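To start, the structure itself, in structure tokens.
Quick note on labels: first sequence line is chain A, next is B, and so on, each numbered from 1. Computed from a prediction, not measured in an experiment: that's the story for all the values here.
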Amino acid sequence: MKEFQKDLIDWYIKNHRPLEFRLKKEPYEIWISEIMAQQTRIEAMLPYFKRWMQLLPNIESVAKCDDEKLNKLWQGLGYYSRCKNIKKCAIECVEKHNGKLPCTKEELLKLPGIGPYTAGAIASIAYGQRVSAVDGNVIRVFSRLYDIYEDVTKTSVKKQIEMLVDESLPSKEEISYYNQALMELGALICIPKSPRCDICPIKKYCEASDPASLPYKPKKSARKIEYKHVYVWIHQNKVHVVKRADTGLLAGLYGFDETKPEHIIESIELKPYIHIFSHVEWHMDATLCIVDREDSNYKTIEEIEEYIALPSAFMPFMKQVEEYLWKK
DNA sequence: AAGGCGGGGGG
DNA sequence: CCCCCAGCCTT
């Protein structure tokens, strides 16, 4: 058992970034911010969080909100199943928990989209429960603190670290600060590439022989490459969009066609674009097709901006089409 | 246990 | 170019 907690918390109180979504400690806000922060940098999710809270100030409003509007609010943030799970979770809270989030880690874990980290974060930060919240930062900090060089992507090693964190938890009064302090240390000092050990507040407790080489993770397998040809159909000032399948990549969002339309008046080649996802690359060529008839899937630029959730993979083509329509 | 699932920033 | 990020779910 180490005794770094006090030094860490003191450092945190003086040096942490003010994260506005954690000031009120409103469970609803903690929940939404934690979901948005999964695999996502804080700076990236902040504007999304603000917009979300303005439009959806409480759990009931999320439970009632239609999926298209939620997807639009999530557009560009990625991992869209998070958004779908938020809605499912909100409905479950309204139906089973009196419109509120449960307050124990155990109960939170049963809800859709809430795993061990998020359950621990909500329980400890919003409700002051004495439980751990182990995210990637905490894994990194502890793997260095205890010089653990095993593969942290393995369940057994993650469990081992979680046990160490559980043993390290301070009193209930300090739990919220402590969990946040571990993460903030990971985000500001104990960073992945070149850890700033020279200014680390708990350096004297750290056993890492070569901190920069920890935590150990095996190399990821190479991404698959998929070649696509995108056809952007337009008619007068409208663009044809299609809703994607409700499973798989970018499920339920909108995209462009991958087939040629009939009744083409003119075709214009667009600039190709490669979009990189975590596990696949789309190498896309694209053609703008001016069509001489219309159906209900043709939308104006304004309609698309207002309520069509178009993922980033298609944005470069959307921009080119806007430019074309604007010049016309 | 392994792989699917986004997107963007930084070395 | 690679890695990483306040992870979770499905298979």
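We find that A/K224 and A/E281 are not joined by a salt bridge, their nearest charged nitrogen and carboxylate oxygen being 4.0 Å or further apart. A salt bridge is absent between A/K6 and A/E3; no separation between the charged side-chain nitrogens and carboxylate oxygens falls under 4.0 Å.
Contacts of A/G186 with the nucleic acid, taken as non-hydrogen atoms under 4.0 Å apart, are absent. Looking at heavy-atom distances under 4.0 Å, A/F277 makes contact with sugar-phosphate atoms alone, never a base.
Computed from coordinates, the A/I86 CD1 to C/dC8 C1' distance equals 12 Å when rounded to whole Å. Atom pair A/I35:CD1 and C/dC5:C1' shows a separation of 15 Å (rounding to whole Å applied). We find that CG of A/D135 is positioned 9 Å from C1' of C/dC5, with the value rounded to whole Å. In this structure, A/Q39 atom CD and C/dC4 atom P are separated by 11 Å, rounded to whole Å.
Pairing partner, B/dG4: C/dC8, with both Watson-Crick or wobble hydrogen-bond distances short of 3.5 Å.
Nearest to the side-chain atoms of A/K154 among the listed nucleotides B/dA2, C/dC4, C/dC8 stands B/dA2. With distances taken from any side-chain atom of A/Y80 to the nucleotides B/dG11, C/dG7, B/dG6, the minimum falls on B/dG6. Checked against B/dG7, C/dA6, C/dC5, the side chain of A/S312 finds its nearest nucleotide in B/dG7. Proximity note for A/K224 (side chain, C-beta onward) versus B/dC5, B/dG4, B/dG10: the nearest is B/dG4.
For a distance-only test at 3.5 Å, the side chain of A/T40 qualifies as a donor-acceptor partner of the base of B/dG6. One can find a donor-acceptor pair under 3.5 Å joining the base of C/dC4 and the side-chain atoms of A/R41.
Regarding contacts with the backbone of C/dC5, a side-chain N or O of A/R140 is found under 4.0 angstrom from either OP1 or OP2. Here A/T155 reaches the OP1 or OP2 of B/dA1: one of its side-chain N or O atoms lies under 4.0 Å away. For A/T118 and C/dC8, the shortest distance from a side-chain N or O to OP1 or OP2 is below 4.0 Å. In terms of phosphate contacts, A/H275 brings no side-chain nitrogen or oxygen within less than 4.0 Å of OP1 or OP2 of B/dG6. For the OP1/OP2 pair of C/dC8 and a distance below 4.0 Å, the side-chain nitrogens and oxygens of A/K84 include no atom meeting the criterion. In this model, the phosphate group of B/dG3 is not approached by any side-chain N or O of A/H279 to a distance below 4.0 Å at OP1 or OP2.
Stacking of A/R51 on the aromatic ring of A/Y48 is recorded, both the 6.0 Å distance cut-off and the 45° axial limit being met.
Look at the C1' atom in both C/dA6 and B/dG3: the space between them is 22 Å, to the nearest Å. Rounded to whole Å, the separation between the P atoms of B/dG8 and C/dC8 comes to 22 Å.
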